[in-house]
Every structure is written in structure tokens, then in C-alpha cells.
Amino acid sequence: MIRINEIIYNLSKNQLPSECNFVEAVNNISAEEKSLLFSTARNVCATSYDNRVFMRGLIEFSSYCKQNCKYCGLRASNNNAQRYRLSEEEILDVCESGHEIGFNTFVLQGGEDPYFDDEKIVSIVEKIKNKYPECAVTLSIGEKSRESYQKYFDAGADRYLLRHETASKKLYSELHPGMDFDNRVRCLWDLKEIGFQVGAGFMVGLPGQSASELYQDLSFLKELQPHMVGIGPFIPHKDTPLANENAGTLEMTLIMIAFVRLILPQALMPATTALGTIDPQGRESGVLAGANVVMPNLSPSNVREKYSLYDNKICVNDAAEKCRYCIERKINLVGYEIDMSRGDHSSRGRVNVCR
Ligand code: SAH
Ligand code: SF4
């Protein structure tokens, strides 16, 4: 029987195991193997980033979305969703208070909201970059044309997060009515070619996903070589077609974080809020399995609850400052230091500062 240490050895030589070996090893992983996998992932991460965990400020600026992803509480068909938009001024205010408490990366995330056309996004990005030229701006606003991405980049946006969600074409089409996996992939390659630091990623525990589908995620990431990878458990939302499905497990999510760390040693990988939602120690465990980013929420408290991707999301009632220090304490307790710098991918340095 193929064992995890053989897979770790192969990955250290930049070789993926065969799908069959991966599936067998993951489905039969022992407690000792898991701890070997996680400690190897931690060591690989430390080679590039020591014991630093980067902190980014997340600004959830619109809960409107035209898409209908079956897992997501913001899907257009969810009539119970509470919709809101932050104004440009409100977004800039959030950046100002975030900057005062040390943030140097702002992640602007939202549903695919046609109200925020290219002109509005460009204006927001330009204003943030003019005011804080040393800070990084990350966008996470879904699928756009290459021309739109180019405009955001020219306005000064540094990074773009667009999870591929699942690399199984079949599962992708079941979960995303009206969307097309090939277009998602096109977006990711366009973003890379334009010069963004690009984040892909996937959910673990999606209904219909087994170790074979997760193998496809690894293989997709190996090919794309993104700078960032967001991996979190699927968590059901009560007003979606997947309301009665089981959530992904902490264990499988950690295993996938560790494998991705071995495949992409320099990647910036968040210990996600979703991980902290399924387990009170989820984010710390994520760091101990090879993650090296945390993204506390900076959004104003009156909108936080409305950005409801999944049920029981943590920290919806906490002020930004409280979240920032709470997560720092948690990370310190497991032996890591918070780094408030821009935290670029180690292949990049600070080259994007003065574009
Ligand atoms: N609209 C943008 C960004 C907002 S959604 C986009 O889709 O790219 C951000 C991420 O939330 C998605 O990529 C998805 O992976 C995650 N997400 C949505 N619903 C979720 C759920 N029910 N459980 C866990 N993660 C979820
Ligand atoms: Fe919209 Fe993103 Fe939710 Fe899909 S995952 S419905 S694109 S907010």
C-alpha cells in the first residue's frame, strides 16, 4: 500500500503521485502520517516565510450577486439574502481606520454586482492607491473580461483572488448554473498574464466531491502555479439548494492545505474564516498545516451579518480592531508572529509599489 511518506517524497521532487495512489493514501491516512504531513508542510513554509503569518484586511463591499452558485448564500435566487453596498466613501473610511491599526493590504471582495462597473472599481482602486501607495490592493469580484482586468491592473490593483472552486469540470457545472469552468480558467490565466499576483483555490467537502476530485484540484494548481491559494471547507447555507448537505471536515481541509503547501512552497495561503467557523481552533490548525495568511474582517459592523456566504460565520459581531488583536493572539499562541507588511509572494518583492 502506498504511504503518505512516499507521496511527500515525490512532492519534494515536484512530482504528483498517480491519482490512484493519492486516493488510496488519503482515504487511509493514519494519525502519525497526518502529523508527518503537517510538520513537513510547516517546514516547507518556514523555508520561505519563517514563522510569519501575514495579515490582510477584508472589506466585503457588496452582497449583491448576479451569479447562482448553489452553495452560496449571496446567490441571486436567494430572496432572503440581505443586500447592501458600501459607497466609495465608506470603503475609503474602512481603509483609513484599517491603515491606522496597521493594515497594509486591503482585500475588496463582493458578489458579482453589475452596479460596480469598471469605472467605479477603477476609481476606488485609484483612490486607495493614491492615498496609500505603499499598500497592496487585492480584488475579489469574480469573472470579468480581460479588458476589465487590465483596467483594474492599470489603476494599481496588485492582486486578484478568484478561486477555481473545484477543478472537476463535472462537479463545477453541477454547482454553477449558467457558468462555465473554461471561462473561470480563462480568467485565471488572463489575470496571471496581465501581471497580477493571482489567487486560486477550492472548497473541501462539496457534495459530490471525493478524493479523486481533490486530486484534480492539486493537479490544476500545479499547472496554474498561482501566487495565492484559498482553501476552505464547504459550509451549507440554509437558503440554498445545498442547505441539508454536510459541511467539509477540518481534517480533510487541513490535509489539502498541507498538500498544496508541498506543491507550491512559496504560495500565500490563508487560514480561512470558514475553517475558523467549523472549528474554534480551525485557523490556528490551518497555520500548523502550512497556511501563512489570516484575513480578519474590516467591514463596518452594520453590514457584516449580511455578507452571508454560509451559516454561522464567526466574528460577525466584532469590531475590526477586536478581530485584528484576537486573531493575532491566537496565532502567537501556536508559535507564529503576525507580519503586517504587504506580504507579497516571495518571487515578487515590492516591485508593484510604484507602477
Ligand atoms: N463573488 C466572488 C467573491 C466572493 S465569494 C467569487 O465568487 O469569486 C468568495 C468565496 O466564498 C468563493 O470563492 C467560495 O469559495 C466561498 N464560498 C461561497 N459560499 C460558500 C460556502 N457555502 N461555504 C464555504 N465557502 C463558500
Ligand atoms: Fe456570487 Fe461569489 Fe457567491 Fe458565486 S460564490 S454566488 S459569484 S458571491
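In listed order, ligands and their atoms are each counted from 1. This structure is a prediction, so every number in the text was calculated from the model and none was measured. Each residue takes its place number in the sequence, starting with 1.
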Would you sort out whether F220 and F202 count as a ring pair (Phe, Tyr, Trp, His ring centres under 6.0 Å), showing the intermediate values? CA-CA 11 Å; F220 174 75; F202 57 97; 9.6 Å; no

Which residues and atoms, protein N, O or S only, are under 2.8 Å from atom 3 (Fe) of ligand 2? C72 SG

For the residue pair [X] and [Y], is the inter-centroid distance of their aromatic rings smaller than 6.0 Å?
X: Y115; Y: Y64; value: no
X: Y310; Y: H237; value: no
X: F234; Y: Y71; value: no
X: Y84; Y: F61; value: no
X: F103; Y: H99; value: no
X: H345; Y: F54; value: no

Of [options], which has the heavy atom at the shortest distance from [atom]?
atom: atom 18 (C) of ligand 1; options: Y71, F234, F202; value: Y71
atom: atom 14 (C) of ligand 1; options: E165, K70, K313, H237; value: E165
atom: atom 21 (C) of ligand 1; options: T240, L275, I235, I278; value: I235

Top protein contact for [atom], by heavy-atom distance:
atom: atom 11 (O) of ligand 1; answer: L309 CD1, 3.6 Å
atom: atom 8 (O) of ligand 1; answer: R184 NH2, 3.3 Å
atom: atom 17 (N) of ligand 1; answer: M203 SD, 4.1 Å
atom: atom 4 (C) of ligand 1; answer: Y307 OH, 3.4 Å
atom: atom 2 (C) of ligand 1; answer: G110 O, 3.4 Å

side-chain hydrogen bond (donor to acceptor under 3.5 Å, both in side chains), that's the test. Do Q67 and E112 meet it? Break it down for me. CA-CA 7 Å; Q67 299 292 7; E112 290 196 19; 3.0 Å; yes

Is the positively charged end of K313 above the ring of Y307, judged by distance under 6.0 angstrom from the centroid and angle within 45° of the axis? no

Under 4.0 Å to a heavy atom of [X] - the qualifying atoms of ligand 1, by number:
X: S140; result: 3 (C)
X: P233; result: 23 (N), 24 (C)
X: Q109; result: 3 (C), 4 (C), 9 (C)

In terms of heavy-atom contacts, does OH of Y325 have more than 12 from other residues, nucleotides or ligands at under 6.0 Å?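 Yes - once you tally the heavy atoms of other residues, nucleotides and ligands closer than 6.0 Å, there are more than 12.
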
Other residues, nucleotides and ligands only: do more than 12 of their heavy atoms fall within 6.0 Å of NZ on K120?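 Correct, the count exceeds 12.
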
With only distance considered, is R163 within less than 3.5 Å of ligand 1 through an N or O on each side? yes

If we count only non-hydrogen protein atoms and require a distance under 4.0 Å, does atom 6 (S) of ligand 2 qualify as touching the protein?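 Within 4.0 Å: yes, protein heavy atom nearby.
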
For atom 24 (C) of ligand 1, is the nearest protein heavy atom closer than 4.0 Å?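 So far as the 4.0 Å threshold goes, atom 24 (C) of ligand 1 is in reach of a protein heavy atom.
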
Under 4.0 Å between a side-chain nitrogen and a carboxylate oxygen: does that hold for E147 and K151? no

Could a heavy atom of A274 be found less than 4.0 Å from some atom of ligand 1? no

Cut-off 3.5 Å, no hydrogens considered: what does the side-chain donor-acceptor table look like for residues 180-187, sequence neighbours left out?
| from | atom 1 | to | atom 2 | distance (Å) |
| --- | --- | --- | --- | --- |
| D180 | OD1 | D182 | N | 3.2 |
| D182 | OD1 | K169 | NZ | 3.0 |
| D182 | OD2 | K169 | NZ | 3.0 |
| N183 | OD1 | R186 | NE | 3.2 |
| N183 | OD1 | R186 | NH2 | 2.9 |
| N183 | ND2 | E143 | OE1 | 2.8 |
| R184 | NE | R163 | O | 2.8 |
| R184 | NH1 | E143 | OE2 | 3.0 |
| R184 | NH2 | R163 | O | 3.0 |
| R184 | NH2 | E165 | OE2 | 3.3 |
| R186 | NH1 | K144 | O | 3.1 |
| R186 | NH1 | D190 | OD2 | 2.9 |
| R186 | NH2 | K144 | O | 3.0 |

